[in-house]
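Take a look at the structure below.
Lettering of chains follows the sequences in order, A, B, ..., and the numbering in each one begins at 1.
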2 protein chains.
Amino acid sequence: MSGILQAIRESQGQMNRKEQELAQYVLEHPHEAVQSSITELADRSGTSTATVSRFCRNLMFKGLSDFRMKLGAELAVTPTHSTYQDIVAGNSLHSIVQAIEMNHIRSISDTTRQLDLQAVQQAVGALRAAKRIDLYGVATSGIVALDFQQKLVRIGIMAHYWPDSHMQITSASSLEEGDVAVAISYSGDTVETYDALLCAKERGAVTLSLTKFGSNRISQAADIRLFASSLEEGMRRGDMASRIAQLHVVDILFTALVSEDFDDYVPQLEQSFQQVKKYRKEKGR
Amino acid sequence: MSGILQAIRESQGQMNRKEQELAQYVLEHPHEAVQSSITELADRSGTSTATVSRFCRNLMFKGLSDFRMKLGAELAVTPTHSTYQDIVAGNSLHSIVQAIEMNHIRSISDTTRQLDLQAVQQAVGALRAAKRIDLYGVATSGIVALDFQQKLVRIGIMAHYWPDSHMQITSASSLEEGDVAVAISYSGDTVETYDALLCAKERGAVTLSLTKFGSNRISQAADIRLFASSLEEGMRRGDMASRIAQLHVVDILFTALVSEDFDDYVPQLEQSFQQVKKYRKEKGR
DNA sequence: ATATTTAAGAAAATATTTTTCATATTCATA
DNA sequence: TATGAATATGAAAAATATTTTCTTAAATAT
């Protein structure tokens with residue numbers, strides 16, 4: 001099942017009654033949904049145009065056309081890698097390997113399909129302009145934050161990540177106007193991460209979120225929202241693919257950043273690489 | 001090139017002057033074209049909305065939205081270029097996104113292709129049998145190690161990762177026979193990681209390596225060798241894909257481990273998930 | 001039981017797309 | 001070269017589609 005449909009299914013429970021009905025219709029007839037106009041969609045799902053419009057906004061799309069475009073793109077993807085596989089007891093090693101490969105590849109391409117390039121562009125602009133960048137996240141998302149920090153530091157950007165969530169807030173509280181705070185959370189509901197982001201926002205920092213698709217507190221609070229698609233519910237087995245998808249987005253951000261200031265950053269990257277190498281050599285081995 | 005773009009190029013010669021100009025714009029900026037409204041498209045291509053509308057009908061689409069939908073769907077299909085893409089200065093955001101997607105997907109499937117299932121099986125056996133598991137790695141590979149540690153701890157396995165490489169050796173020196181030491185290093189040459197692995201080996205631990213493909217000191221020293229493929233290119237820009245590939249292998253190991261002892265581990269996973277949730281709830285939000 | 005909040009559709013306001021229509025341009029022919 | 005027919009094109013009108021506002025109904029809290 002597609003990342004967007006999966007996201008709809010996951011958040012269906014939190015929706016209003018009519019939106020649930022609409023969600024149901026979309027889940028059952030995704031192809032019709034992508035092709036019909038708002039009136040048709042409203043009629044067929046037994047709702048109203050207003051509800052359809054709100055439904056799309058609530059899912060964090062820019063509107064119906066945006067929803068259509070992105071779902072359409074996802075549905076178009078070749079059915080070779082199409083269905084996410086679940087992993088259960090006593091699977092053969094071979095089937096496990098295949099399932100994981102499929103899930104990872106799928107979540108990377110789903111994430112790419114629904115990526116909002118304008119939001120990416122904005123994010124890159126903000127990151128470039130920032131004097132300082134703070135990263136927030138815990139557990140699996142903390143690892144993604146740490147990864148991003150490493151990359152940023154390597155090109156000489158002052159980026160901070162504290163594994164301790166109190167320190168995350170402490171750090172947020174010293175941000176200044178124009179700095180950037182990046183909140184990473186699969187669910188988009190992690191309390192600690194949300195708090196740190198709010199604090200950063202109060203300080204006047206530009207806030208950026210990287211969460212799963214759909215509506216959630218963290219992305220709602222953020223100025224710039226990025227989404228990583230993933231499949232599974234509830235983060236139990238799920239954070240494997242979601243983490244890969246998040247790292248994928250981090251790589252895109254980072255590469256775009258480097259690409260924009262190629263002449264500044266690439267020598268930096270090269271230098272940090274060489275310095276580490278040299279330091280290690282001198283230690284005598 | 002996509003079928004629709006190809007068709008446009010082929011019939012471009014027979015078009016009216018303004019439609020040719022529009023066709024040119026679409027050929028040069030297909031992604032902008034699918035996203036913009038008719039007014040934007042008319043403006044950017046230096047034509048009028050009437051021309052845009054007619055253009056679509058002339059190409060036998062039902063209208064602009066139909067054209068958008070179908071071109072969008074075509075563009076969405078991942079181009080299956082088999083070669084890794086390099087990222088250079090001033091790339092368009094879109095080409096960056098495509099290149100990264102391609103590289104990541106490619107490195108995941110390459111890694112899967114060359115994975116030695118017997119080695120994986122041995123690794124899983126050793127990990128299951130271990131009283132304690134030590135993980136070694138620095139920088140990007142340290143993140144992979146940390147990720148693996150988190151996963152193992154979640155199913156109740158005593159796994160250690162120290163970001164400090166002296167502590168890695170310290171930890172290694174207290175391993176015992178039958179414990180497992182996992183060394184993660186893209187190059188396979190990282191001094192600190194190598195030292196920790198050697199130390200673990202001396203203590204009688206089963207040693208496991210996760211490195212790039214080919215011969216390198218760390219994998220030579222290890223009892224069980226796993227390889228993650230990636231771009232060659234010396235680790236500077238390459239470590240994006242290599243890290244994804246390494247995490248992919250980690251996921252395979254972890255899933256295989258869980259799958260073998262499903263009834264023990266899955267409740268553990270579930271419990272650790274619920275405990276975190278409960279603890280967070282109690283904090284009152 | 002009453003106030004307050006929330007949900008949802010009708011209708012109004014916007015925005016988008018298509019069609020019509022008037023004009024400009026090209027091309028063939030005398 | 002002049003003339004008329006055919007075609008191309010954009011402005012504006014008409015038709016559609018989408019979003020927002022406003023009102024009422026329903027749910028929830030006080």
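- As a whole-Å value, the separation of B/Gln20 CD from D/dA8 P is 11 Å.
- Side-chain atoms of B/Gln24 and B/Glu28 form a donor-acceptor pair, as typed in the model, at a separation below 3.5 Å.
- B/Arg17 places its CZ atom 22 Å from the P atom of D/dA6, with the value rounded to the nearest Å.
- Comparing atom distances between the A/Thr51 side chain and each of C/dT18, D/dT9, C/dG9 picks out C/dG9 as nearest.
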Run the ring pair (Phe, Tyr, Trp, His ring centres under 6.0 Å) check on A/Phe61 and A/Phe227 step by step: do they pass?
-> CA-CA 11 Å; A/Phe61 292 95; A/Phe227 299 96; 8.1 Å; no
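- We find that CE of B/Met15 is positioned 16 Å from C1' of D/dT9, with the value rounded to whole Å.
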Carefully, step by step, assess A/Ile4 and A/Phe213 under the rule side-chain contact (heavy atoms from CB on, under 4.5 Å).
-> CA-CA 7 Å; A/Ile4 291 174; A/Phe213 213 77; 4.1 Å; yes
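- A close approach under 4.0 Å does not occur between any side-chain nitrogen or oxygen of A/Asn16 and OP1 or OP2 of C/dT6.
- Separating the CZ atom of A/Phe55 from the C1' atom of D/dT19 is a distance of 16 Å, rounded to the nearest angstrom.
- B/Ser48 and B/Thr51 are linked by a side-chain donor-acceptor pair at a separation below 3.5 angstrom, with hydrogens and angles left out of the test.
- Note: CG (B/Leu22) to C1' (D/dA8) measures 14 Å, nearest angstrom.
- Comparing D/dT9, D/dT19, C/dT18 against the side chain of A/Ile38 picks out D/dT19 as the nearest.
- Put simply, CG on A/Leu64 is 13 Å from P on C/dT16, counting in whole angstrom units.
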Show the numbers, then the answer: is there a side-chain contact (heavy atoms from CB on, under 4.5 Å) between A/Ser187 and A/Asn216?
-> CA-CA 7 Å; A/Ser187 69; A/Asn216 59 71; over 6 Å; no
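- In this structure, B/Glu21 places its CD atom 14 Å from P of D/dA8, rounding to the nearest Å.
- Taking the six-membered ring for Trp and thresholds of 30 and 60 degrees, B/His31 and B/His94 have ring planes inclined between 30 and 60 degrees apart.
- Taking atom NZ of residue A/Lys18 and atom C1' of nucleotide C/dA7, one finds them 11 Å apart after rounding to whole Å.
- Side chain of A/Gln246 to backbone of A/Val144: no donor-acceptor contact under 3.5 angstrom is found.
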Under-3.5 Å N/O pairs linking protein and nucleotides 19-26 of chain C:
{"residue": "C/dT19", "atom": "OP2", "partner": "B/Arg57", "partner atom": "NH1", "Å": "2.4"}

